[in-house]
Enquirer: 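Can you keep this structure in mind? I'll have questions shortly.
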Amino acid sequence: MGHPVWVPLKKNQFFDDAPGELSNFAQVTISRDRALKVTLVKRSNRAAPVTTGKDIGLDWGLNSMFASDLGDQLGRQFYPWLRKVDAQLTKINVELQRRGIKPKTNARYRKFNQRIREYVRNEVGRILNRLVKRYGIKSITLETLDLRNGHLSRRMNRILTRAARAAVKEKLKSMSETQGIEIHEVNPAHTSRECSGCGFVSNHNRKGPHFVCGFCNKRLNADTNGSRTISLRRSQGLQYPYASRQTVLQRLDPRFEARWGLKPGDAEKLRLAKERRPVTVGLTSLWSIRGLETKLH
Ligand SMILES: [Zn+2]
């Protein structure tokens with residue numbers, strides 16, 4: 001006991017040529033035929049930041065795993081698969097409950113859980129790799145994941161949220177370290193309702209696939225506006241990590257009011273206002289709201 005064991009290792013050209021420094025630990029695996037395998041591990045140095053390529057915005061989709069601001073729908077089989085597994089999971093759960101067994105203590109249930117986590121992890125990796133392959137990517141900006149999906153059970157949503165958060169975090173970290181891709185995270189609150197031109201937040205700004213700002217009258221594709229808003233929030237340091245929707249709005253409104261010389265509370269009044277008529281101030285067409293004094297610069 002306590003004596004070192006010397007293990008002779010075979011030379012491997014691929015391993016020798018791979019970049020990185022030798023780690024001070026080895027990986028030991030025991031295969032099914034009970035053979036012991038010792039592998040050295042190399043720690044690759046951080047990749048230099050990518051200086052060219054696209055800055056891409058990603059949204060956690062409701063119909064596919066990810067939607068990009070370039071119009072991609074990635075991972076369309078993700079939700080159909082989860083829904084199918086969700087039905088099986090619910091069945092197991094009902095069965096366990098009937099027999100008075102806690103799911104956590106049941107091997108079959110745990111295995112199921114594991115399978116879902118592995119699937120999510122593989123899919124996240126596969127899809128993000130495909131995205132990088134398709135475009136040269138310099139940076140990825142992602143909304144802080146809000147994964148709740150109305151078509152899945154609460155139990156499945158909980159498993160999915162945990163699994164996907166971990167998988168996405170791990171994958172993005174590795175992409176940043178080994179490929180030099182910049183990763184940014186932005187709070188998703190109100191990004192689809194905020195005007196990327198003037199900063200006005202309103203439900204009325206969104207008209208299906210179109211975005212028409214109720215304040216500055218900017219018109220553009222809704223997805224493009226959303227991804228621009230995400231980009232702008234990132235470049236202005238307005239990521240608001242983990243803040244609630246209400247808190248985000250409480251910070252966006254004063255910025256908007258200060259920018260256009262409005263009084264505190266005017267943003268909310270603008271949102272509530274039903275009657276609008278257009279006025280022209282300088283070269284920009286703006287909307288004045290009856291009962292609201294707008295001092296526009
Ligand atoms: Zn606007």
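One-based numbering, in listed order, for ligands and for the atoms of each.
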Enquirer: Any luck finding a side-chain donor-acceptor pair between Asn205 and Lys218 under 3.5 Å?
Expert: no

Enquirer: Please check if atom CZ in Arg108 has more than 12 non-hydrogen atoms from other residues, nucleotides or ligands closer than 6.0 Å.
Expert: no

Enquirer: So for atom CZ, which belongs to Arg130, do other residues, nucleotides or ligands contribute more than 12 heavy atoms lying within a distance under 6.0 Å?
Expert: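 Enclosed.
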
Enquirer: Salt bridge between Glu118 and Arg115, side-chain N to carboxylate O under 4.0 Å?
Expert: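 No.
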
Enquirer: Please give me the protein atoms (N, O or S only) lying under 2.8 Å from the Zn ion (ligand 1), ordered by chain and number.
Expert: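 As for protein N, O or S atoms lying under 2.8 Å from the Zn ion (ligand 1), they are Cys195 SG, Cys198 SG, Cys213 SG, Cys216 SG.
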
Enquirer: Please determine which of Ile181, Val124, Leu142 meets the side chain to side chain contact (heavy atoms under 4.5 Å, CB included) test together with Leu172.
Expert: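 Among the candidates, only Leu142 passes.
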
Enquirer: So, Glu170 and Lys173, do they make that salt bridge, N to O below 4.0 Å?
Expert: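 Lys173 and Glu170: not salt-bridged.
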
